[in-house]
Enquirer: 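Take this structure, written in structure tokens, and hold onto it; I'll ask about it next.
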Amino acid sequence: MSQEKASGRALPGPVKQTSGGRLPWRLEYDSSRIRTPWWTPFLSVALALLLCAVFIYANGMSPVTVYLKMFKGAFGTSFGITETLVKAIPLLLCGLGIAVAYRISVWNIGAEGQLTVGAMAATAVTIYFPNLPGFWSILLMLIFGVAAGAFWGLLTAIPKTHFGVNELITSLMLNYVALLALDYVVFGPWKDPKGFNMPGSPMFTAAQSLPVLGSTRLHIGLILAMVAVVIYYLMIRFTRWGYELRLIGANPTAARYAGIHISRHIIIVMLISGGLAGLAGMAEVSGVSHKLMQGISPGYGYTAIIVAWLAKLNPLGLVVTSVLFGGLIVGGFSVQTIGLPSSISEMLQGAILFFLIAGDMVARFRIRRGA
């Protein structure tokens with residue numbers, strides 16, 4: 001038996017013509033194809049809605065009624081819109097940080113932990129510097145939150161660049177370390193003595209809380225997130241650093257031969273990625289909950305992975321998808337009034353991710369005529 005046959009690969013040779021003189025079709029997998037068609041995200045969302053509609057119908061509900069209820073709950077009232085935007089802020093900041101790392105194929109899935117340590121660092125300012133004036137208190141909380149998230153990202157970058165450790169493993173494990181550290185402080189040294197034995201820090205004062213827009217819960221974290229999106233767009237499109245990131249993402253071998261220091265870029269993007277997630281944690285604890293508590297994030301860091309993937313790392317796409325997923329979260333709460341659990345939004349998120357990954361895989365296949 002020849003070596004080619006033993007390996008299970010077909011031998012190259014002449015292609016037999018079919019009846020009528022036409023050559024047969026063949027299916028090829030193109031592993032070098034990076035870009036996927038522009039319509040893949042839209043098709044993924046549509047297929048996810050159809051798949052989840054089957055489960056909703058099997059539960060005895062009308063999918064149209066459920067989806068309309070979710071849409072009206074998220075976008076049908078001014079309260080729903082503002083709540084959707086409140087949920088979109090951490091998703092946008094974490095998704096933006098993940099997108100920066102994904103630009104050079106660094107798979108940061110540690111935004112959940114980076115958000116958590118950012119919230120903890122911001123709360124530390126209120127614990128140890130309780131009497132700072134409002135401006136300085138918010139500024140110091142912002143600096144501490146970003147720095148903590150960046151440091152948590154650095155803990156993933158250093159093992160990857162110096163020891164070749166897979167960033168998927170380290171970033172995921174660090175999520176659990178951050179969550180356990182959060183449990184320690186809210187059950188231990190930072191526990192509010194006036195909190196009726198509930199795990200959580202003392203409530204923030206007005207000087208320690210982000211200003212809100214009008215009488216809603218929407219805070220200025222939205223402005224910070226939009227500024228970050230604009231900076232991301234300008235840096236990626238019009239700077240040498242952005243060009244180098246795009247080159248590394250497209251062809252790391254060519255980038256290395258061009259003299260680009262890839263390890264240094266990995267460290268930089270992980271600092272930025274973690275810092276943006278840390279900013280999301282600071283905004284969440286100072287602008288929404290006004291105290292550090294167990295479960296400060298309902299999984300924003302993980303949902304942001306889908307946000308970045310669905311947006312194809314596009315700045316405008318990140319804004320749209322973060323609002324979409326914020327609406328899914330708010331809409332999930334609204335369907336509880338008709339007898340469905342709020343976890344329907346998580347089912348939709350998982351289905352969207354499934355079809356996104358499947359779409360990226362299918363897009364690499366080509367149907368060609370035999371030659």
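Because the structure is a prediction, the values reported are computed rather than measured. Basis for what follows: all heavy atoms, side chains included, without hydrogens, waters or symmetry-related copies.
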Enquirer: Could you state the interatomic distance from CG (L49) to OG (S44), rounded to the nearest 0.5 Å?
Expert: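 One finds 11.0 Å between CG of L49 and OG of S44.
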Enquirer: Partners of R237 by side chain to side chain donor-acceptor pair (under 3.5 Å), sequence neighbours excluded?
Expert: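 Testing R237 for side chain to side chain donor-acceptor pair (under 3.5 Å), a comparison that skips the adjacent residues, returns none.
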Enquirer: Just wondering, do Y300 and I89 contact through their side chains at under 4.5 Å, heavy atoms?
Expert: no
Enquirer: Counting C-beta onward and ignoring hydrogens, is there a side-chain heavy-atom pair between V285 and M293 closer than 4.5 Å?
Expert: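 V285 vs M293: side chains apart.
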Enquirer: Could you check I266, V269, I260 and say which one makes a side chain to side chain contact (heavy atoms under 4.5 Å, CB included) with I248?
Expert: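 Of I266, V269, I260, side chain to side chain contact (heavy atoms under 4.5 Å, CB included) with I248 is met by I260 alone.
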Enquirer: For the atom pair OG1 (T116) and CG (N175), what is the distance rounded to the nearest 0.5 Å?
Expert: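 Going from the OG1 atom of T116 to the CG atom of N175 covers 7.5 Å.
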Enquirer: If two hydrophobic side chains count as joined below 4.5 Å and joins carry through other members, does L271 share a cluster with I231?
Expert: no
Enquirer: Please round to the nearest 0.5 Å and tell me the distance separating atom OG of S171 and atom CD of E112.
Expert: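 One gets 12.0 Å once the value is rounded to the nearest 0.5 Å.
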Enquirer: Please examine the side chains of L210 and F204, heavy atoms only from C-beta on, and report whether any two atoms are closer than 4.5 Å.
Expert: no
Enquirer: Test your reading of the model: is there a side-chain donor-acceptor pair from S342 to the backbone of F333, 3.5 Å cut-off?
Expert: no
Enquirer: Do R217 and T82 have side chains that get closer than 4.5 Å, going by heavy atoms?
Expert: no
Enquirer: If only side-chain N and O atoms count, and only distance matters, is there a donor-acceptor pair under 3.5 Å linking Q294 with D183?
Expert: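 Yes, side-chain donor-acceptor contact under 3.5 Å.
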Enquirer: Check the side chains of S297 and E284 for a donor-acceptor pair under 3.5 angstrom, ignoring hydrogens and angles.
Expert: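 Short answer, no.
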Enquirer: Of all heavy-atom pairs between P202 and K291, which one has the smallest distance, and what is that distance?
Expert: O-CB, 3.9 Å
Enquirer: Do I220 and L218 belong to the same hydrophobic cluster, where Ile, Leu, Val, Met, Phe, Trp and Tyr are linked whenever their side-chain heavy atoms lie under 4.5 Å apart, directly or via other members?
Expert: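 Same hydrophobic cluster.
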Enquirer: Using 0.5 Å steps for rounding, measure from the CE atom of M70 to the CD1 atom of I338.
Expert: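 Between M70 CE and I338 CD1, I get 9.5 Å after rounding to 0.5 Å.
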Enquirer: Pair V146, M282 - check side-chain contact (heavy atoms from CB on, under 4.5 Å), show working.
Expert: CA-CA 8 Å; V146 172; M282 177 271 172; over 6 Å; no
Enquirer: Please collect all salt bridge (Lys or Arg N to Asp or Glu O under 4.0 Å) contacts where either partner lies in residues 42-71, sequence neighbours excluded, each pair once.
Expert: none
Enquirer: Is any side-chain heavy atom of I329 closer than 4.5 Å to a side-chain heavy atom of Q349?
Expert: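 Contact flag for I329/Q349 side chains = yes.
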Enquirer: Around W136, counting heavy atoms of other residues, nucleotides and ligands shown, do more than 12 lie under 6.0 Å from its CH2?
Expert: no
Enquirer: Taking the six-membered ring for Trp, are W309 and W107 parallel (under 30°), tilted (30 to 60°) or perpendicular (over 60°)?
Expert: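 Tilted: the ring planes of W309 and W107 meet at 30° to 60°.
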Enquirer: Is any NZ, NE, NH1 or NH2 atom of the basic residue among R240 and E244 found under 4.0 Å from an Asp or Glu carboxylate oxygen of the other?
Expert: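 Salt bridge flag = yes for E244 with R240.
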Enquirer: For G327 versus T84, what's the shortest heavy-atom pair and its separation?
Expert: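 Smallest interatomic distance, heavy atoms only, reads N-CG2, 3.3 Å.
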Enquirer: Report the residues that fulfil side chain to side chain contact (heavy atoms under 4.5 Å, CB included) with A277, sequence neighbours left out, ordered by chain and then residue number.
Expert: C94, A111, Q114
Enquirer: Identify the heavy atoms of A311 and T321 that sit nearest to each other, and give their distance.
Expert: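 So the minimum-distance heavy-atom pair works out to CB-OG1, 3.7 Å.
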Enquirer: Which heavy atom of A99 sits nearest a heavy atom of Y232, and at what distance?
Expert: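 Result for this residue pair: CB-OH, 4.0 Å.
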Enquirer: Search all heavy atoms of V335 against all heavy atoms of G332 and return the closest pair with its distance.
Expert: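 Smallest interatomic distance, heavy atoms only, reads CG2-O, 3.1 Å.
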Enquirer: What I'd like to find out is whether the side chain of N108 reaches to under 4.5 Å of the side chain of E167, using heavy atoms alone.
Expert: no
Enquirer: Give a yes or no on whether the backbone of L174 and the side-chain of W152 come within a donor-acceptor separation of less than 3.5 Å.
Expert: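 Confirmed, W152 side chain pairs with L174 backbone.
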Enquirer: For the hydrophobic clusters of this structure (ILVMFWY residues joined by side-chain heavy atoms under 4.5 Å, transitively), does one cluster hold both Y302 and I352?
Expert: yes
Enquirer: Can you see which heavy atom on A308 is nearest to which on I98, and at what distance?
Expert: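 Scanning both residues completely, I find the closest heavy atoms to be CB-CG2, 3.9 Å.
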Enquirer: Working note: L142 + L224, criterion side-chain contact (heavy atoms from CB on, under 4.5 Å); need CA distance, chi angles, decisive distance, verdict.
Expert: CA-CA 11 Å; L142 191 149; L224 297 176; 4.1 Å; yes
Enquirer: Given 3.5 Å as the limit, does a donor-acceptor pair link the side chain of S209 with the main chain of H290, or not?
Expert: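 Not a single qualifying donor-acceptor pair exists.
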Enquirer: Please check if atom CE in M198 has more than 12 non-hydrogen atoms from other residues, nucleotides or ligands closer than 6.0 Å.
Expert: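 Atom CE in M198 is not packed in, count stays at 12 or less.
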Enquirer: Donor-acceptor pair, R103 side chain versus G242 backbone, under 3.5 Å?
Expert: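 No; zero donor-acceptor contacts below 3.5 Å.
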Enquirer: Can you tell me how far apart CG (N314) and CD1 (I236) are? Round to the nearest 0.5 Å.
Expert: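 These two atoms lie 11.0 Å from each other.
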Enquirer: Within this structure, what is the CZ-CG distance for the pair F42 and L310, rounded to the nearest 0.5 Å?
Expert: 8.5 Å
Enquirer: So does E346 get a backbone contact from the side chain of S343, meaning a donor-acceptor N/O pair under 3.5 Å?
Expert: no
Enquirer: Return yes when atom CZ of F151 has more than 12 non-hydrogen atoms of other residues, nucleotides or ligands closer than 6.0 Å, and no otherwise.
Expert: no
Enquirer: Are any non-hydrogen side-chain atoms of T126 and S201 less than 4.5 angstrom apart?
Expert: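 Sidechains of S201 and T126: no contact.
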Enquirer: Taking a hydrophobic cluster as the set of Ile, Leu, Val, Met, Phe, Trp and Tyr residues connected by side-chain heavy atoms closer than 4.5 Å, whether directly or through intermediates, do L51 and Y57 fall within one such cluster?
Expert: no
Enquirer: Does one hydrophobic cluster hold both L85 and F325, with members joined at side-chain heavy-atom distances below 4.5 Å?
Expert: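 L85 and F325: one cluster.
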Enquirer: Checking S137 side chain against G134 main chain: does a donor-acceptor pair fall under 3.5 Å?
Expert: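 Between the backbone of G134 and the side chain of S137 there is no qualifying donor-acceptor contact (under 3.5 Å).
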Enquirer: Begin with the C-alpha distance, continue with both residues' side-chain angles, and end with the deciding distance and a verdict on side-chain contact (heavy atoms from CB on, under 4.5 Å) for H265 and L245.
Expert: CA-CA 8 Å; H265 279 77; L245 289 189; 3.7 Å; yes
Enquirer: Kindly indicate, with the supporting measurements, whether the criterion side-chain contact (heavy atoms from CB on, under 4.5 Å) is fulfilled by I344 and C52.
Expert: CA-CA 8 Å; I344 185 176; C52 293; 5.8 Å; no
Enquirer: Is there a donor-acceptor pair under 3.5 Å between the side chain of S286 and the backbone N or O of Q208?
Expert: yes
Enquirer: Measuring only between side-chain heavy atoms, which start at C-beta, is L96 closer than 4.5 Å to V229?
Expert: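 Heavy-atom side-chain distance check passes, below 4.5 Å.
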Enquirer: Looking at L168, is its backbone amide N or carbonyl O close enough to the side chain of N166 to form a donor-acceptor pair, meaning the two atoms are under 3.5 Å apart?
Expert: yes
